[in-house]
Asks: 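The structure under discussion is supplied below as structure tokens; questions concerning it will follow.
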Amino acid sequence: MKLTFLRARLHQATVTHVEPDYDGSCAIDGELLEAAGISEYEQIDLYNITNGERLTTYAIRASHGSRIISVNGAAAHRASPGDQIIIAAYAQLEPEEVADFKPVLVYLGAGNRIERITHKIPVQAA
């Protein structure tokens with residue numbers, strides 16, 4: 001039996017562009033893809049913090065250092081420039097792989113700049 005786990009996350013990315021006429025996908029600055037370990041054409045989920053929309057698409061590479069996050073194709077109708085989103089990629093693990101697994105969590109600040117990278121989400125307090 002395989003279990004599905006969060007593998008990589010770009011947290012609080014800011015949408016810079018929406019391109020409804022572009023091939024469907026999400027263009028992500030190459031530096032951010034590399035920091036999170038997300039591959040070109042890998043399936044990703046987008047969680048729009050601003051409006052609550054959720055969707056599945058795939059990652060494509062935007063210019064390295066451009067800070068671009070562009071939601072394209074039909075998905076462009078579910079985001080606007082300035083929206084805050086979470087970009088997540090998942091992995092299928094065997095139960096024996098779980099104990100040693102650590103996700104890559106990339107926290108972004110203003111201008112889609114990397115603020116920190118960690119491998120654990122803090123425990124939520126009551």
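Note that the structure is predicted; figures quoted are calculated from it, not measured. Along the sequence shown, the residues carry numbers beginning at 1.
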Asks: For Ile69, does its backbone N or O pair with a side-chain atom of Asp29 as donor and acceptor, under 3.5 Å?
Replies: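 Not at all, since once roles are kept as given, no pair shorter than 3.5 Å links the two residues.
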Asks: Do Val104 and Ile117 make a side-chain contact, defined as non-hydrogen atoms from C-beta onward lying under 4.5 Å apart?
Replies: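 They are in contact (side-chain heavy atoms under 4.5 Å apart), so the answer is yes.
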Asks: Please check this pair: side chain of Ser66 against backbone of Ile68, looking for a donor-acceptor N/O pair closer than 3.5 Å.
Replies: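 Side chain of Ser66 to backbone of Ile68: a pair is present.
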Asks: May I ask you to test the Arg113-Arg67 pair for a side-chain heavy-atom distance under 4.5 Å?
Replies: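 Yes, close enough: below the 4.5 Å cut-off.
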Asks: I'd like to know if the side chain of Asp83 and the backbone of Ser80 have a donor-acceptor N/O pair within less than 3.5 Å.
Replies: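 Indeed, once roles are kept as given, a pair shorter than 3.5 Å links the two residues.
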Asks: For the backbone of Pro103 and the side chain of His119, can you confirm whether one donor and one acceptor N or O come within less than 3.5 Å of each other?
Replies: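 Indeed, once roles are kept as given, a pair shorter than 3.5 Å links the two residues.
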Asks: Does the side chain of Gln92 pick up a donor-acceptor pair with the side chain of Thr4 at under 3.5 Å?
Replies: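 Yes.
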Asks: Scan side-chain atoms only and decide if Ser25 and Asp23 contain a donor-acceptor pair under the 3.5 Å cut-off.
Replies: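 No, no side-chain donor-acceptor pair sits under 3.5 Å.
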Asks: Taking the six-membered ring of Tyr107, is the NZ or CZ of Arg116 close enough (under 6.0 Å from the centre) and on axis enough (within 45°)?
Replies: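 Geometry flag: set, cation within 6.0 Å and 45°.
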Asks: Going by an N to O cut-off under 4.0 Å, is there a salt bridge joining Glu31 and Arg61?
Replies: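 Not counted as a salt bridge, because no side-chain N and carboxylate O are separated by less than 4.0 Å.
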Asks: Does the side chain of Ile86 come within less than 4.5 Å of Ile49's, by heavy atoms?
Replies: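 Heavy-atom side-chain distance check passes, below 4.5 Å.
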Asks: Below 4.5 Å, heavy atoms only, C-beta onward: do Arg7 and Ile38 meet side chain to side chain?
Replies: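 Touching, per the 4.5 Å side-chain cut-off.
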Asks: Would you tell me whether Thr56 and Gln43 have side-chain atoms, one donor and one acceptor, within less than 3.5 Å of each other?
Replies: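 On atom types as modelled, these side chains do not qualify, holding no pair under 3.5 Å.
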Asks: Does Leu46 reach the side chain of Val71, with side-chain heavy atoms less than 4.5 Å apart?
Replies: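 In contact.
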Asks: Say whether, by atom type as modelled, one donor and one acceptor occur between the side chain of Asp45 and the main chain of Ala89 under 3.5 angstrom.
Replies: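 No; zero donor-acceptor contacts below 3.5 Å.
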Asks: Does the side chain of Glu42 come within less than 4.5 Å of Leu33's, by heavy atoms?
Replies: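 No; the side chains remain at least 4.5 Å from each other.
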Asks: Heavy-atom count around Phe101 CZ within 6.0 Å, excluding the residue itself: above 12?
Replies: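 Buried by this count: over 12 neighbours within 6.0 Å.
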